[in-house]
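The structure appears below as structure tokens.
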Amino acid sequence: MAITTQQLIQWKQQGRSIVALTAWDYAIAQLLDAAGVDLILVGDSMAVVLGYETTLPITLDEIIYHAKSVRRGVKRALVVVDLPFLTYQESLQQAMHSAGRVLKETGAQAVKLEGGYPAIAQTVARLVEAGIPVMGHVGLTPQSIHQLGLRQQGKTQEASERILQEAIALEQAGVFSLVLEHIPADLAMQISQKLSIPTIGIGAGTHCDGQVLVTSDILGLTEKHPPFAKVYTNLRETITKAVQDYAVEVRERKFP
Ligand SMILES: Nc1nc(=O)c2c([nH]1)NC[C@@H]1CN(c3ccc(C(=O)N[C@@H](CCC(=O)O)C(=O)O)cc3)CN21
Ligand SMILES: CC(C)C(=O)C(=O)O
Ligand SMILES: [Mg+2]
């Protein structure tokens, strides 16, 4: 039974927490889906697995290529795809074209855009009107790294009020869910109580309606991870050991 955007909104009403993770290929997507992850995000954070320092270089063609691979591995989870930097900010027409390509070419059910009101909220409203489900993303928005850095956002009264207003504007524009990244837990709680749509937190405390993390961070595959990520296993160690064992056996002619 495939999960819908309506289902996520219903789960918020029922107090059931939404489990989200990122994926960028078939193998991981298939494992996450079979393990019962509710929402799979084809995040532009895949930049890290492709060896980039920031999310800015990812192109629409690249994220579509990865999203197609992810989609083939998923039976149940809702698949959401990040619109990359400058594939939606230029004009409404550009946003419509980019989001349309994602839905048409990948089979994903929704797109995610970074930022709040007024320009992004207007874009969101038009995409939703055209039948494209949209997820919002406020707080730390990594596509603005050269303005914001990677610091926690919403720390002053003024900044937290602005993020709350952006969240409200995005809900009014029709987002089905909203990512809250790296903001104080009490602000995330306030936003989550105020909105009827589910908030998905990353570094935003326990009071969100769901949580998302970058899969390579929880698996211990990334060289460095944000302070708010939890590392559940160390795949760097596991892989290094397997490769070293193989190398020894080949060199000593023990394998095959
Ligand atoms: N592997 C990975 N995991 C992520 O969660 C992630 C990415 N990449 N790339 C896109 C964004 C960037 N993220 C990050 C990365 C680092 C910090 C971090 O270290 N923050 C420090 C401050 C660092 C600074 O000021 O330069 C902190 O204490 O808040 C926060 C968010 C979250 N997202
Ligand atoms: C961390 C999530 C929210 C994201 O945008 C990404 O992985 O790109
Ligand atoms: Mg992203």
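All ligand and atom numbering here is 1-based and tracks the order in the structure.
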Legend entry - Winner among Pro226, Pro142, Ala229, Ser45 once heavy atoms are compared against atom 5 (O) of ligand 1: Pro226

Legend entry - Other residues, nucleotides, ligands: >12 heavy atoms within 6.0 Å of Arg126 CZ: no

Inset, instruction - Run the numbers for me: atoms of ligand 1, each under 4.0 Å from some heavy atom of Phe228, listed by number. - result: 30 (C), 31 (C), 32 (C)

Inset, instruction - Would you check if the side chain of Lys12 reaches a backbone N or O of Leu195 as a donor-acceptor pair within less than 3.5 Å? - result: yes

Inset, instruction - Could you find the nearest protein heavy atom to atom 6 (C) of ligand 2 and give me its residue, atom name and distance? - result: Ser45 OG, 3.3 Å

Legend entry - Leu32: which of Val19, Leu21, Val70 passes side-chain contact (heavy atoms from CB on, under 4.5 Å): Leu21

Inset, instruction - Give a yes or no on whether the backbone of Thr22 and the side-chain of Thr215 come within a donor-acceptor separation of less than 3.5 Å. - result: yes

Inset, instruction - Taking all heavy atoms of Pro226 and all of Asp217, pick out the closest pair and write down the distance. - result: CD-OD2, 3.4 Å

Legend entry - Donor-acceptor contact below 3.5 Å, side chain Asp82 vs main chain Asp44: yes

Inset, instruction - Find all atoms of ligand 1 within a distance of less than 4.0 Å from any non-hydrogen atom belonging to Leu140, and give their numbers and elements. - result: 31 (C)

Legend entry - Geometric N/O contact Ile202 with ligand 1, under 3.5 angstrom: no

Legend entry - Trp24 backbone acceptor or donor facing His66 side chain under 3.5 Å: yes

Legend entry - Residue, atom name and distance, where the atom is the protein heavy atom closest to atom 8 (N) of ligand 1: Val48 CG1, 3.6 Å

Legend entry - Protein heavy atom at shortest distance from atom 20 (N) of ligand 1: Leu150 O, 3.2 Å

Inset, instruction - For ligand 1, find out whether one of its N or O atoms is nearer than 3.5 Å to an N or O atom of Asp217. - result: yes

Inset, instruction - Determine the minimum heavy-atom distance between Val37 and Ala77, stating which atoms define it. - result: O-CB, 3.4 Å

Legend entry - Atoms in ligand 2 with a heavy atom of Leu41 nearer than 4.0 Å: 2 (C), 3 (C), 4 (C), 5 (O), 6 (C), 7 (O)

Inset, instruction - Examine the proximity of ligand 1 to Ile145 and report which part, side chain or backbone, both or neither, has a heavy atom under 4.0 Å away. - result: neither

Legend entry - Main-chain N/O of Leu221 paired with Arg236 side-chain donor or acceptor, under 3.5 Å: yes

Inset, instruction - Please check if the side chain of Tyr88 supplies one atom and the backbone of Glu114 the other of a donor-acceptor pair under 3.5 Å. - result: yes

Legend entry - Heavy atom of the protein closest to atom 1 (C) of ligand 2 (residue, atom name, distance): Ile202 CD1, 3.5 Å

Legend entry - Contact with ligand 1 for Gly149, non-hydrogen, under 4.0 angstrom: no

Legend entry - For Thr22, atoms of ligand 2 separated by under 4.0 Å from a heavy atom: 7 (O)

Legend entry - Non-hydrogen side-chain atoms of Ile183 and Ile191 separated by less than 4.5 Å: yes

Inset, instruction - Output yes when a side-chain donor or acceptor of Ser98 lies under 3.5 Å from a complementary backbone atom of Thr87, and no otherwise. - result: yes

Inset, instruction - Using modelled atom types only, decide if a donor and an acceptor are shared between the side chain of His137 and the backbone of Leu140 within a distance under 3.5 Å. - result: yes

Legend entry - Metal site the Mg ion (ligand 3), protein N/O/S atoms found under 2.8 Å: 2

Legend entry - Proximity flag Arg151 to ligand 1, non-hydrogen atoms under 4.0 Å: yes

Inset, instruction - Among all protein heavy atoms, pick out the one at the shortest distance from atom 29 (O) of ligand 1; state its residue, atom name and that distance to 0.1 Å. - result: His182 NE2, 2.6 Å

Inset, instruction - Would you mind checking if Asp61 and Arg101 are paired as a salt bridge, meaning a charged N to carboxylate O distance below 4.0 Å? - result: yes

Let me check something: any side-chain donor-acceptor pairs from residues 166-180 under 3.5 Å, sequence neighbours excluded? List them with distances.
from: Glu171; atom 1: OE2; to: Ser196; atom 2: N; distance (Å): 2.8
from: Glu171; atom 1: OE2; to: Ile197; atom 2: N; distance (Å): 3.2
from: Ser177; atom 1: OG; to: Pro198; atom 2: O; distance (Å): 2.9

Legend entry - Under-4.0 Å heavy-atom contact between protein and atom 26 (O) of ligand 1: no

Legend entry - Numbered atoms and elements of ligand 2 in range of Asp82, under 4.0 angstrom, heavy atoms: 4 (C), 5 (O), 6 (C), 8 (O)

Inset, instruction - Report yes or no: does Gln153 contribute a side-chain atom to a donor-acceptor pair with the main-chain N or O of Arg151 at less than 3.5 Å? - result: yes

Inset, instruction - Please could you name the atoms of ligand 2 that Gly43 approaches to less than 4.0 Å, counting only its heavy atoms? - result: 6 (C), 7 (O), 8 (O)

Legend entry - Proximal ligand 2 atoms for Lys112, defined as those under 4.0 Å from one of its heavy atoms: 4 (C), 5 (O)

Inset, instruction - Say whether, by atom type as modelled, one donor and one acceptor occur between the side chain of Thr123 and the main chain of Ala119 under 3.5 angstrom. - result: yes

Inset, instruction - For atom 33 (N) of ligand 1, grab the closest protein heavy atom and report residue, atom and distance to one decimal in Å. - result: Glu181 OE2, 3.7 Å

Inset, instruction - Using a 4.0 Å heavy-atom threshold (strictly under), name the region of His137 that reaches ligand 2: side chain, backbone, both or neither. - result: side chain

Legend entry - Asp44-ligand 2 polar pair, N/O distance under 3.5 Å: yes

Inset, instruction - Would you mind checking which non-hydrogen protein atom is closest to atom 18 (C) of ligand 1, with the distance to 0.1 Å? - result: Pro227 CD, 3.4 Å

